Each structure stands twice: as C-alpha cells, then as structure tokens.
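Written below as structure tokens is the structure these notes are about.
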Amino acid sequence: MEYDLLELQDAMRKVLKPKRYLHSLGVQFTCASLAMRYECDIMKAQVAGILHDLAKYYDASEQISRCEQNNIPISDIERKQPYLLHGKLAACYAKSEYGIEDEEILQAMAYHTTGKPDMSKLEKIVFLADYIEPSRRMIPGLTEIRKLAFEDLDLAVYTTLKNTLNYLKSNGQTIDNTTIEAYEYYKDIVGNK
Ligand code: DGI
Ligand code: FE
Ligand code: FE
C-alpha cells in the first residue's frame, strides 16, 4: 500500500488548529524516529502519527453521537469522558475518509490515548510518540521518558502509563479500565525483565 504523506498532512492542516497540527507533525516524525530505532514499518508509523488526533475537535456530545452513528461501542467511562473516544473515532474516519485500510495503523490510532495490554510495536510507538513529541508542553519526567523511549520501549511505555495515572489521580479524574489494564500489564513485563 502506498501512502501520500503530503496529502495527509494537507488534510490535517485543514481540519486541525495550528498547534494541534504542529503536534501531529511532531508525532509523525517522532513515530518515524522510533520506527527506525525499533525496526518497525516507518511509513505505517508516520501515517498513524499524522492522523491520530484527527477527531480531537468534536465536542463531547459529538464524540458520542459520531461513535453511535458508526457502531463504535461506548463504555460507561467513555460516556462520562467522551474525549477518550477521539482515538477510536480517528481510526474509523481514517478508514472511511482517508482510505486507510491497514488494521495495524487503525489499531495504533484507536488506542493512542489509553494504551492497552500487549500492544504491537506500532501501537507502542504511536502511544509514546504522542507523549514525547517535540512540541509537547513540558511535564515532570518528560525529559527522562524522551531518552528512555529510545533505549527501552516497554520501560518507556510503563513509565508513561505510570505518570499519566498519577496525573489523572492527582486531578481526581475518572480512569479508563484500559489505561489501568495497560499499566498493570507493563508493570509485570518490566518487573520480569
Ligand atoms: O490528544 P492528545 O492531547 O495529543 O493526547 P491523548 O490522546 O493521549 O490525550 C491526553 C489526555 O488523555 C491526557 O491528559 C491523559 C488523558 N488520559 C489517558 N488515559 C486516561 C485519560 N483521561 C482519563 N480521564 N482517563 C483515562 O483513563
Ligand atoms: Fe489524542
Ligand atoms: Fe495527540
């Protein structure tokens, strides 16, 4: 399958706000770098990276209604935190609007916010690239994770999940089961290394 990255970038420049577009370019290039480091498909990683937030701008009620229209199941927690759906919706539109058929790319987009247990290399790369891309606002631990991402993929995923959970807990936010399951899974993997 051939992908036209310039065309996808053009499309994203039109649907995203400038800062979100810059973030998406950052994720695309960071995905490419991680794919080089971990011998993953560089093109697939870039496609998932540039498109991953394409559904970010629907408001809460639209996230829900668009998922319903497309038969995307909505958990109770997603119903309370509808922005958690933007990855799944992005995967859905990547297929229907942008002709992306590759299931690996679509899955990596779908789970970029929560992560999940036993991710593929591509899924881990997109999950991490979203967190560490160059334009990401500085947060505690980011410098270390940026370095770690190029040293140990699973440890970097684990550390990112741990940071995210701590952040969400300190803000009293509802946590998705998938995020917790992902954390538990990678905690085990890292502990057994
Ligand atoms: O879309 P982006 O801003 O680029 O990044 P993202 O899709 O990873 O979304 C970032 C936010 O998602 C971040 O503030 C952490 C949050 N998040 C991750 N897992 C959960 C979560 N928020 C809630 N409420 N529950 C979760 O389980
Ligand atoms: Fe996102
Ligand atoms: Fe993002």
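Start at 1 and go down the list; that is how both ligands and their atoms are numbered. Residue numbers start at 1 and run along the sequence shown. No experiment lies behind these values; they were computed from the predicted model shown. All values below come from the heavy atoms of this structure, side chains included, with hydrogens, waters and symmetry mates left out.
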Does the protein come close to atom 13 (C) of ligand 1 - that is, does one of its heavy atoms sit below 4.0 Å from that atom?
no
Closest non-hydrogen atoms of Lys147 and Glu151, given as atom of the first, atom of the second and distance, are NZ-OE2, 3.3 Å
Per-atom filter on ligand 1: closer than 4.0 angstrom to a heavy atom of Gln173 are 24 (N)
When every non-hydrogen atom of Leu153 is compared with those of Tyr38, the smallest separation belongs to N-OH, 3.3 Å
Ranked by distance from atom 3 (O) of ligand 1, the top protein heavy atom is Lys56 NZ, 3.2 Å
* Asked: Would one find an N or O of Tyr167, backbone or side chain, under 3.5 Å from an N or O of ligand 1?
  -> no
min-distance protein heavy atom vs atom 15 (C) of ligand 1 -> Thr164 CG2, 3.8 Å
In this structure, atom 21 (C) of ligand 1 is nearest to the protein heavy atom Leu168 CD1, 3.5 Å
In ligand 1, the atoms that come under 4.0 Å of a heavy atom of Arg20 are 1 (O), 2 (P), 3 (O), 4 (O)
The answer for which part of Arg136 has a heavy atom under 4.0 Å from ligand 1 is side chain
Exercise. Cut-off 3.5 Å, side chains only: do Thr174 and Gln81 have a donor facing an acceptor?
Worked result: yes
Going by distance alone, is a donor N or O of one side chain under 3.5 Å from an acceptor N or O of the other, for Gln9 and Gln28? yes
Check: of Ile180, Ile139, Asp130, Thr179, min heavy-atom distance to atom 19 (N) of ligand 1 comes from Thr179
Of all heavy-atom pairs linking Leu51 and Met109, the shortest is O-CE, 3.3 Å
Near the Fe ion (ligand 3), protein N/O/S count under 2.8 Å comes to 4
(request) Decide whether Tyr185 and Asp118 meet the rule of one side-chain donor and one side-chain acceptor closer than 3.5 Å. (result) yes
So the atoms of ligand 1 within less than 4.0 Å of a heavy atom of His23 turn out to be 4 (O)
Can an N or O of Thr113 be found at a distance shorter than 3.5 Å from an N or O of ligand 1? yes
For a quick check under 3.5 Å, do Arg146 and Tyr131 share a side-chain donor-acceptor pair by atom type? no
Neighbour count >12 (heavy atoms, 6.0 Å) for atom CG, Asn171: yes
### Query
With a 6.0 Å cut-off on ring centres, are His86 and His52 close enough?
no
| query | So is Phe127 in contact with ligand 1, going by heavy-atom distances below 4.0 Å? | reply | no
Within 4.0 Å of some non-hydrogen atom of Ile175, the atoms of ligand 1 are 25 (N), 27 (O)
Any heavy atom of Leu84 under 4.0 Å from ligand 1? The part involved is side chain
When every non-hydrogen atom of Ala149 is compared with those of Leu128, the smallest separation belongs to CB-CD1, 4.1 Å
For His112, the ligand 1 atoms with a heavy-atom partner under 4.0 Å come out as 7 (O)
Filtering Thr174, Asn177, Asp53 for the heavy atom nearest atom 25 (N) of ligand 1 leaves Thr174
closest protein heavy atom to atom 22 (N) of ligand 1 is Tyr83 OH, 2.8 Å
So the atoms of ligand 1 within less than 4.0 Å of a heavy atom of His86 turn out to be 1 (O), 7 (O)
(Q) Tell me whether Glu7 at atom CD has more than 12 heavy atoms from other residues, nucleotides or ligands lying less than 6.0 Å away. (A) no
